[in-house]
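The shown structure was predicted, so the numbers you read here are calculated from the model rather than taken from an experiment.
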Amino acid sequence: MRFRFVQIVLLILVLLWLSTAVFTVPESEMGLVTRFGAPRAAAAGPGLHFKAPWPIDSVLRLDARLLVFDGEPIELLTADKKNVLVDSYLCWRIADPVRFAQTVKNRAEAEARLLDVSAAELGAAVGAVPMEGFINTDEEALELRAMSRRVAEAVDSLTRTNFGIEIVDLQVNGFTLPPQNRASVIARMRAERARIATRYRSEGEEKALEIEAAALAERERILAEARSEAEAARGEGEAEALAIFADAYRADPSFYRFLRTLEAYESIVDEETTVFLESDSPLMRTLDGP
């Protein structure tokens, strides 16, 4: 009976030992089989897999997802020796599980290496560009995106070769000034904006004077044309009036003189006017009758 119990216990232990030869990998991971600590082959994907029982083979589980590493801002120097705080983030994943397992082994160690490499590459890239390449009113003069792309390619080349890590993206999500330099830089920026505003204002005033001068010249031209047309119309009217006057005078000179005398009388004499006329005055002769 006791021997039978020992056999059952041994059978259970053997079954448990053999069960260590079976392992499953979820969708978010990949399993790397190692034999006495050394990787055997490529990592296993999601599903059910088999290996030699423990302790011959063991499984190192690695994250297969796209990971984000957002480190602390680092202070760097630009090409013109200006201090800046650069905050960046990395999107990365394991490209070579075997090399990853042989070098960094886990996420914490991998991100520590990524921090060192990215900080060095960012420092070199920022140090090659002056401050105007990062803070500028001209969008074409900004080099932040191009610099981020160059740094991402450089970091990817290093980490893929040395650690089996692929850099999917690297972006600068914060570019600010250290507190001790912020006041002087802002003052310089304000002075620059004031200079630009003064230049724009002077250009606007110059343009306004040009427009005003052109408007005055156009006004004088229009007035001159109007005066010329008015003088021509007045000349035509006076010529026509003289022609009518001549025709009327030729028709009956004495009657015309009589009408002119009455018009003169009407213009100079009213109800409250006393007029003294000479006896030989044409107006007196008209009032006395024939």
Side-chain angles (χ1 to χ4, degrees), residues 65-96 99-100 103-104 107-210:
R65 298 172 297 178
L66 183 65
L67 304 174
V68 177
F69 172 59
D70 189 0
E72 295 294 328
I74 55 177
E75 186 170 346
L76 302 173
L77 280 176
T78 61
D80 48 357
K81 307 304 178 185
K82 303 292 176 55
N83 295 71
V84 292
L85 286 176
V86 181
D87 186 13
S88 62
Y89 70 90
L90 283 166
C91 294
W92 65 279
R93 62 187 170 201
I94 300 172
D96 187 348
R99 185 170 296 278
F100 184 88
T103 53
V104 294
R107 180 175 178 177
E109 184 65 22
E111 290 183 345
R113 301 293 180 88
L114 288 175
L115 177 61
D116 295 338
V117 174
S118 61
E121 293 297 331
L122 276 173
V126 172
V129 180
M131 178 66 79
E132 287 74 12
F134 302 112
I135 302 176
N136 203 309
T137 55
D138 185 4
E139 187 175 355
E140 295 181 357
L142 295 175
E143 299 189 25
L144 195 57
R145 293 182 179 177
M147 186 202 71
S148 300
R149 184 171 59 254
R150 292 195 302 268
V151 172
E153 292 173 356
V155 174
D156 178 71
S157 177
L158 289 172
T159 57
R160 190 186 291 266
T161 302
N162 297 322
F163 311 121
I165 296 174
E166 175 189 0
I167 303 300
V168 178
D169 190 22
L170 183 149
Q171 294 293 331
V172 175
N173 59 350
F175 193 93
T176 57
L177 302 170
Q180 64 271 21
N181 298 343
R182 195 169 300 166
S184 61
V185 173
I186 291 175
R188 188 165 61 252
M189 290 172 63
R190 287 177 176 171
E192 177 67 14
R193 297 302 179 273
R195 185 186 65 80
I196 295 174
T198 302
R199 178 168 60 84
Y200 286 163
R201 191 178 294 110
S202 63
E203 290 176 356
E205 291 175 354
E206 181 181 356
K207 190 67 176 178
L209 290 175
E210 292 177 0

*Is N83 close to L77 at the side-chain level, that is, under 4.5 Å between some pair of heavy atoms?*
yes
*Can you tell me how far CG of D87 sits from OG1 of T176, rounded to the nearest 0.5 angstrom?*
8.0 Å
*Output yes when a side-chain donor or acceptor of S118 lies under 3.5 Å from a complementary backbone atom of L115, and no otherwise.*
yes
*Look up atom CD1 in I94 and atom CG in L66, then write down how far apart they are to the nearest 0.5 Å.*
11.5 Å
*Side-chain contact, heavy-atom cut-off 4.5 Å: F175 with L144?*
yes
*Is there a side-chain contact between L114 and F163 (heavy atoms, below 4.5 Å)?*
no
*asked:* Is any side-chain heavy atom of D96 closer than 4.5 Å to one of R160?
replied: no
*asked:* What I'd like to find out is whether the side chain of Y89 reaches to under 4.5 Å of the side chain of D169, using heavy atoms alone.
replied: yes
_To the nearest 0.5 Å, what is the distance between CD on E166 and CH2 on W92?_
11.5 Å
*asked:* With a 4.5 Å cut-off on side-chain heavy atoms, are L209 and E206 touching?
replied: no
_I'd like to know whether CZ of R107 has more than 12 heavy-atom contacts from other residues, nucleotides or ligands below 6.0 angstrom._
yes
*With a 4.5 Å heavy-atom cut-off, do N173 and D70 have their side chains touching?*
yes
_From D80 atom CG to E132 atom CD, the distance as rounded to the nearest 0.5 Å_ = 5.5 Å
*Using 4.0 Å as the upper bound for N to carboxylate O, is an ion pair formed by E203 and R199?*
yes
_Name the residue from L90, V104, T103, I167 that meets the side-chain contact (heavy atoms from CB on, under 4.5 Å) definition with T159._
I167
*Could you grab the distance from atom CZ of R93 to atom CZ of F100, nearest 0.5 Å is fine?*
14.0 Å
_Atom pair CD (E72) and OG (S88), whose distance is rounded to the nearest 0.5 Å_ = 11.0 Å
_What I'd like to find out is whether the side chain of R113 reaches to under 4.5 Å of the side chain of I165, using heavy atoms alone._
no
*Does E153 come within less than 4.0 Å of R150, counting only side-chain N to carboxylate O?*
no
*Under the side-chain contact (heavy atoms from CB on, under 4.5 Å) rule, what do L170 and E121 come out as? Steps first, then yes or no, please.*
CA-CA 11 Å; L170 183 149; E121 293 297 331; over 6 Å; no
*Minimum heavy-atom distance between G164 and R99, given as atom pair plus value*: N-CD, 3.7 Å
